[in-house]
There are 2 protein chains.
Amino acid sequence: MDVRTICLGILTRGDATGYEIKKLFEEGGYEHFVEASFGSIYPALSRLTDEGFVSVRSEAQEKRPDRKVYSITPVGRSAFVATLLKPLPEDRHRSPFVFAMLFADLLPQAHVSAMVDHYIGQVEEKLAHLNSHSDASKSDGERFVMDYGRTVYEATLNFLRTHRAEIENQPAQAAE
Amino acid sequence: MDVRTICLGILTRGDATGYEIKKLFEEGGYEHFVEASFGSIYPALSRLTDEGFVSVRSEAQEKRPDRKVYSITPVGRSAFVATLLKPLPEDRHRSPFVFAMLFADLLPQAHVSAMVDHYIGQVEEKLAHLNSHSDASKSDGERFVMDYGRTVYEATLNFLRTHRAEIENQPAQAAE
DNA sequence: GTTTGCATGTAAACGGTTACATGATTGG
DNA sequence: CCAATCATGTAACCGTTTACATGCAAAC
């Protein structure tokens, strides 16, 4: 999903500034599935404004840039729904870790172990982050997505813990 | 992982042409984790050649472009291992489906059901594709990655089948 | 006293995809 | 007869990231 669509989606839940949009997606617990940087969010919002999908009001502030609060327009809302009704792009799960594991036999086994440990740590962190959010005040969709994340993370952890020996127990044929 | 590194990785397993590199990754069962198009593979191979990471020999063919068979050089091999030993970029799982599910309440429930069906079908296909490859003649790493894929796909399917009602059973508050 | 949070934006660079160009052979 | 397989490559385009620019206030 492109940043434009992500922004529209967030704005269906309420008005927000560019800054807040970024925070909402970082803290919402979806950061694994959807992400965006300021360098893409701000231009996306300007373009959405030009196209009439969102409207802005500037709130003056002292000693800070004006807050630009964006609202989705009826046109923007229809466009957003229309995007979701069209066939969606496929998932892409880019995993440098998985790629590296394909070549575990080329690496010192101590390093493979360290990589697995590190990856497990990362997934544990994401799980903890997910669990730190209460399910209250969430839509059905949000709760569904969070449960989905938990399930996938837990399956991942379980797999790594029970199968790691298979790539750790081979004769080190390490780098020259 | 960038296309350059992917190409180097494949070439550690044996010589190949650009065309074959693409096929290997499509058929290897990793296509969900790593992917690349010709438009990125061919330039990557030229650059790797210029930099001394791979070498080429041209095999003349009648009525077809010459096959350019690439081999990884010792320098390329060390560089590849060095890349894997450095801290890896984080996984990114971009899922338009998950994103859409966050907004299930904005969509007609029949469409949500159709989306879930479609997504389940896709995952089933990937699972079948994974299972169609025998584990024989695979490295430990490859077997590990395939098992990992199976685990994650199965957990996904299981979750969707047991939890889909949670997003399907809400009053349709569809698009205007 | 330094980091974090608030708050916006631009420009250059990057990596990649898509479409195009070419063209014979084989299988359905 | 048409689609797929083999086989390479270029060029335009696209979306995004990264770095830069600015700057105060509050928390640690």
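Note that the structure is a prediction, hence the values are computed from the model and not measured. Lettering follows sequence order; numbering is per chain, from 1.
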**Q** Is the closest basic N to carboxylate O distance between B:Lys22 and B:Glu26 below 4.0 Å?
**A** yes
**Q** Taking the side chain from B:Ser95 and the backbone from A:Asp91, do they hold a donor-acceptor pair closer than 3.5 Å?
**A** no
**Q** Quick check, are the ring centers of A:Phe80 and A:Phe53 under 6.0 angstrom apart?
**A** no
**Q** Distance check needed: C:dT8 C1' versus A:Lys23 NZ, whole Å only.
**A** 16 Å
**Q** Please round to 10 degrees the angle between the axis of the first five pairs and the axis of the last five pairs in the helix from C:dG1-D:dC28 to C:dG28-D:dC1.
**A** 60°
**Q** Quick check: does any side chain N or O of A:Asn158 sit under 3.5 Å from a backbone N or O of A:Glu154, one acting as donor and the other as acceptor?
**A** no
**Q** Quick test of your reading of the model: are A:Glu20 and A:Lys68 salt-bridged, counting only N-O distances below 4.0 Å?
**A** no
**Q** How about A:Asp105 and B:Ser139: does a side-chain donor come under 3.5 Å of a side-chain acceptor?
**A** no
**Q** Between B:Ser40 and C:dG15, is there a contact of a side-chain N or O with OP1 or OP2 at under 4.0 Å?
**A** no
**Q** Specify the separation, in whole Å, of atom CG of B:Asp2 and atom P of C:dC14.
**A** 13 Å
**Q** Residues from residues 7-22 of chain B sitting under 4.0 Å of DNA chain D, heavy atoms only?
**A** B:Thr17, B:Gly18, B:Tyr19
**Q** Charged N to carboxylate O below 4.0 Å: is that the case for A:Arg13 and A:Glu142?
**A** no
**Q** Counting side-chain heavy atoms from C-beta on, which of C:dG16, D:dG9, D:dG15 comes nearest to B:Val3?
**A** C:dG16
**Q** Starting from C1' on C:dG15, measure out to CZ on B:Phe38 and report it in whole angstrom.
**A** 18 Å
**Q** Using 4.0 Å as the upper bound for N to carboxylate O, is an ion pair formed by B:Glu90 and A:Arg94?
**A** no
**Q** Expressed in angstrom and rounded to an integer, what is the separation of A:Tyr42 atom OH from C:dC6 atom C1'?
**A** 9 Å
**Q** Please tell me which of the listed nucleotides, D:dT18, D:dA7, D:dG9, lies nearest to the side chain of A:Ser37?
**A** D:dT18
